[in-house]
2 protein chains.
Amino acid sequence: MVSIHRRIFEDLEAMIVSGVWPPGYRIPFEHELVQEYQCSRMTVNKALSALAGRGMIIRRRKVGSFVASPQIDRTVMDIQDISTEAELAGHDHSYRILMRNIETLDSATAAQLGEPIGAQILRLHCLHSVDGKPNALERRIIMLAMVPSARTENFSSVPPGKWLLDMVPWSKARHVIRAVSADAATARLLETERGEACLTLIRQTWQGSRTVTYVEIIHPGDRFQFAGDFHPSERGVMDQLPRRSAS
Amino acid sequence: MVSIHRRIFEDLEAMIVSGVWPPGYRIPFEHELVQEYQCSRMTVNKALSALAGRGMIIRRRKVGSFVASPQIDRTVMDIQDISTEAELAGHDHSYRILMRNIETLDSATAAQLGEPIGAQILRLHCLHSVDGKPNALERRIIMLAMVPSARTENFSSVPPGKWLLDMVPWSKARHVIRAVSADAATARLLETERGEACLTLIRQTWQGSRTVTYVEIIHPGDRFQFAGDFHPSERGVMDQLPRRSAS
DNA sequence: TGTATCTATTTGTATAGACAAAAGCGGGTC
DNA sequence: GACCCGCTTTTGTCTATACAAATAGATACA
């Protein structure tokens, strides 16, 4: 059983996504949709407001509602936790802690992170393998002031990325993707050639204005890529199905 | 003059984004907000529905509405047209057409694009420079059936990417980011070393179910990166248990 | 003790009606 | 022509009301 405003939303969305109604097309007026769906204007309005809120249409008083032009310069990339990603794809994932040091921030790193010199950090190096083959080298810094419980965690059963997601709330994240050539140490760990092109993801996560963690994840370029789809329906989220209670 | 539902939306959003109301926090019931803002429930409901539609809160009948956890595994990357990007950053951009051939799709490329063998295409190679230094090598395929006017366009004044954006409507795009080592020809054009790590962006654009254009843009790794910020308004919906209650 | 049922609470959906705000349009005036 | 004025259309907002759906918690019962 689908609600009326939901059905209107989906019908119009289909026309837009399929390209039947191209950018600039004037969609029917509210009163026309009221006629078509035999419902009240508020119901139509709710569907159209949702489309407008998602940037799929532009509405102008006295003129009408028009299909918006999608912006090609923004795309949603899926950048998942390595273990989650491997499990989703049905692969076997394992990892090994290579280094686990408690240190204080030196000036160069402090500047890079935008945090004060001398702050206590946990530095972690971790090698991830998928189906037995090295897939990523993780170099992480955790701010101990923000995550005091990391001081006593040894990450033997849950990888650091997943552990942090479960433990620590955060409010902002920044991702950077770079291509770099593998140095000798990295190449050896990833079982690839020195100089091989690697895809590096850098993620810095904040809570409020303070860094929670900073991580570089280095993937061998011949075994990894990032992918992202963009179409108008992915501009936001509409599905909000009620959660089923665990019995 | 700001509407009431808008003000409610913004007030609640501020509490969530600032972290005053952490993930799992139960926000006030509709009837409490009705009291607080002295308006009807429909007005409150509109604000809360908008927050739910953006994935910032989870609503459950009989239980209440709760601040959602942001998903770390999705991020919005700015992937702009090269000329636009350079101009925005205040740099000088120039480009040179290296190749412009009308061909028919061979079987390998056809399979890669998911288009029929033998379809007519325009193949373009183009070198982009920023501030006089090579910054990107663009290898593009344009489906002439979808963009007939490309047959007579020589792209002497507008680069192909920008020209296509202005000329052709599209409904879906897919981006892939890879790290590859430069081969000899690429290295020569980009004025870098053979084997240097390069960041390659592949974009395929569709209208409906048919490809409009396919392009590989190869950047020298030492001069380029992709960056993306996570925005709170782009959170996804997550299933999670309430953690704390409002008093 | 465990289970089925009832009840109260909260959100979800829909309606009819009202007025406000924006803006295209035409008419009148100079 | 340029400008101002008012009419009309369309969207924006808000209200009061109503009933439906989900479900946590209480209660009755086997």
Side-chain angles (χ1 to χ4, degrees), chain A residues 1-12 16 21 24-68 237-247, chain B residues 1-12 16 21 24-68 237-247:
Chain A
M1 196 52 218
V2 185
S3 56
I4 302 175
H5 77 259
R6 184 69 202 233
R7 217 179 89 227
I8 299 175
F9 180 96
E10 285 169 1
D11 288 355
L12 301 186
I16 294 168
W21 290 352
Y25 182 91
R26 207 211 75 221
I27 74 173
F29 295 128
E30 290 190 351
H31 66 84
E32 293 173 315
L33 292 169
V34 163
Q35 277 298 313
E36 185 178 339
Y37 287 92
Q38 291 293 305
C39 63
S40 75
R41 187 167 81 91
M42 278 302 292
T43 305
V44 169
N45 186 276
K46 178 156 190 168
L48 293 185
S49 296
L51 285 166
R54 188 172 302 215
M56 297 184 69
I57 62 173
I58 307 280
R59 314 198 70 199
R60 286 177 57 203
R61 284 164 166 151
K62 163 79 185 179
V63 186
S65 304
F66 300 85
V67 176
V237 188
M238 174 91 179
D239 298 298
Q240 38 163 334
L241 300 174
R243 197 180 69 82
R244 210 110 296 282
S245 68
S247 48
Chain B
M1 193 54 210
V2 184
S3 56
I4 302 176
H5 77 259
R6 187 75 212 169
R7 218 179 88 226
I8 300 175
F9 180 96
E10 285 168 3
D11 288 355
L12 301 186
I16 294 168
W21 290 350
Y25 182 90
R26 208 212 76 220
I27 73 173
F29 295 128
E30 290 190 349
H31 66 83
E32 293 172 316
L33 292 169
V34 163
Q35 276 299 311
E36 184 179 338
Y37 287 91
Q38 291 292 308
C39 64
S40 77
R41 188 168 81 89
M42 280 303 291
T43 305
V44 169
N45 186 275
K46 178 154 189 169
L48 294 184
S49 296
L51 284 167
R54 295 203 161 203
M56 298 185 70
I57 63 174
I58 307 284
R59 315 197 71 200
R60 288 176 59 199
R61 283 164 169 154
K62 164 81 184 176
V63 185
S65 303
F66 300 85
V67 176
V237 171
M238 265 192 112
D239 273 2
Q240 75 159 60
L241 292 171
R243 254 189 243 153
R244 209 172 317 177
S245 284
S247 51

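Heavy atoms only: backbone and side chains are in, while hydrogens, waters and symmetry mates are out. Protein chains get the first letters and strands the later ones, always in sequence-line order, with residue 1 at the start of each.
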Asker: Can you identify which nucleotide, out of C:dG12, D:dT11, D:dA22, has its nearest atom closest to the B:Lys62 side chain?
Answerer: D:dA22
Asker: Measure from CG on A:Leu48 to P on D:dG12 and round the result to the nearest Å.
Answerer: 8 Å
Asker: What does A:Ser49 touch in the nucleic acid at a heavy-atom separation under 4.0 angstrom: a base, only the sugar-phosphate, or nothing?
Answerer: nothing
Asker: Please determine whether a side-chain nitrogen or oxygen atom of B:His31 lies at a distance below 4.0 Å from atom OP1 or OP2 of C:dT9.
Answerer: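 For C:dT9, OP1/OP2 do not have a side-chain N/O of B:His31 under 4.0 Å.
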Asker: Is there a donor on the side chain of B:Arg61 or the base of C:dT11 sitting less than 3.5 Å from an acceptor on the other?
Answerer: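 Yes, a donor-acceptor pair under 3.5 Å.
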Asker: I want to confirm an ordering. Mapping A:Val2 and B:Ser65 to their closest nucleotides on DNA chain C, which one lands closer to the 5' end?
Answerer: B:Ser65
Asker: Dump every N/O contact between nucleotides 15-18 of chain C and the protein below 3.5 Å, one line per pair.
Answerer:
residue: C:dT15; atom: OP2; partner: A:Ser40; partner atom: N; Å: 2.8
residue: C:dT15; atom: OP2; partner: A:Ser40; partner atom: OG; Å: 3.0
residue: C:dT15; atom: OP2; partner: A:Thr43; partner atom: OG1; Å: 2.6

Asker: Between atom OH in A:Tyr37 and atom C1' in C:dA14, what is the gap in whole Å?
Answerer: 16 Å
Asker: Rounded to the nearest Å, what distance is computed from the CD atom of residue B:Glu30 to the P atom of nucleotide D:dC14?
Answerer: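 Between P of D:dC14 and CD of B:Glu30: 15 Å.
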Asker: So how far is it from B:Arg54 CZ to B:Ile16 CD1, rounded to the nearest 0.5 Å?
Answerer: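 Atom-to-atom, B:Arg54:CZ and B:Ile16:CD1 are 11.5 Å apart.
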Asker: Could you say whether A:Val63 or A:Ser3 is positioned toward the 5' end of DNA chain C, judged by the nucleotide with the nearest heavy atom to each?
Answerer: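 Result of the comparison: A:Ser3.
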Asker: Considering only heavy atoms from C-beta outward, does the side chain of B:Leu12 approach that of B:Leu33 to under 4.5 Å?
Answerer: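 Result yes, sub-4.5 Å side-chain heavy-atom pair found.
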Asker: Expressed in angstrom and rounded to an integer, what is the separation of B:His5 atom NE2 from C:dA20 atom C1'?
Answerer: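 The distance from NE2 of B:His5 to C1' of C:dA20 comes to 14 Å, rounded to the nearest Å.
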Asker: Give the rounded distance in Å between these two atoms: CZ of A:Arg6 and C1' of C:dT13.
Answerer: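 For the pair A:Arg6 CZ and C:dT13 C1', the rounded distance is 13 Å.
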Asker: Can you tell me how far NZ of A:Lys46 sits from NZ of B:Lys46, rounded to the nearest 0.5 angstrom?
Answerer: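 So the NZ of B:Lys46 and the NZ of A:Lys46 are separated by 9.0 Å.
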Asker: Report the distance from atom NZ of B:Lys46 to atom P of C:dT11, rounded to the nearest whole Å.
Answerer: 19 Å
Asker: Can you tell me how far apart CG (A:Leu48) and CZ (A:Arg41) are? Round to the nearest 0.5 Å.
Answerer: 10.0 Å
Asker: To the nearest Å, give me how far apart CD1 (A:Ile58) and P (C:dA23) are.
Answerer: 14 Å
Asker: Do the side chains of A:Tyr37 and A:Thr43 get nearer than 4.5 Å, heavy atoms only?
Answerer: no
Asker: To the closest 0.5 Å, what do you measure between CD (B:Glu36) and CG (B:Asp11)?
Answerer: 7.5 Å
Asker: Could you give the CD1-to-P distance, from B:Ile27 to C:dT10, as a whole number of Å?
Answerer: 13 Å
Asker: If you compare every side-chain N and O of A:Arg59 against the phosphate oxygens of D:dG12 (OP1, OP2), does one of them come in below 4.0 Å?
Answerer: yes
Asker: With a 4.5 Å limit on heavy-atom distance, are the side chains of B:Ile8 and B:Cys39 in contact?
Answerer: yes
Asker: Choose from C:dT13, D:dT23, C:dT11 the nucleotide whose nearest atom is closest to any side-chain atom of B:Phe29.
Answerer: C:dT11
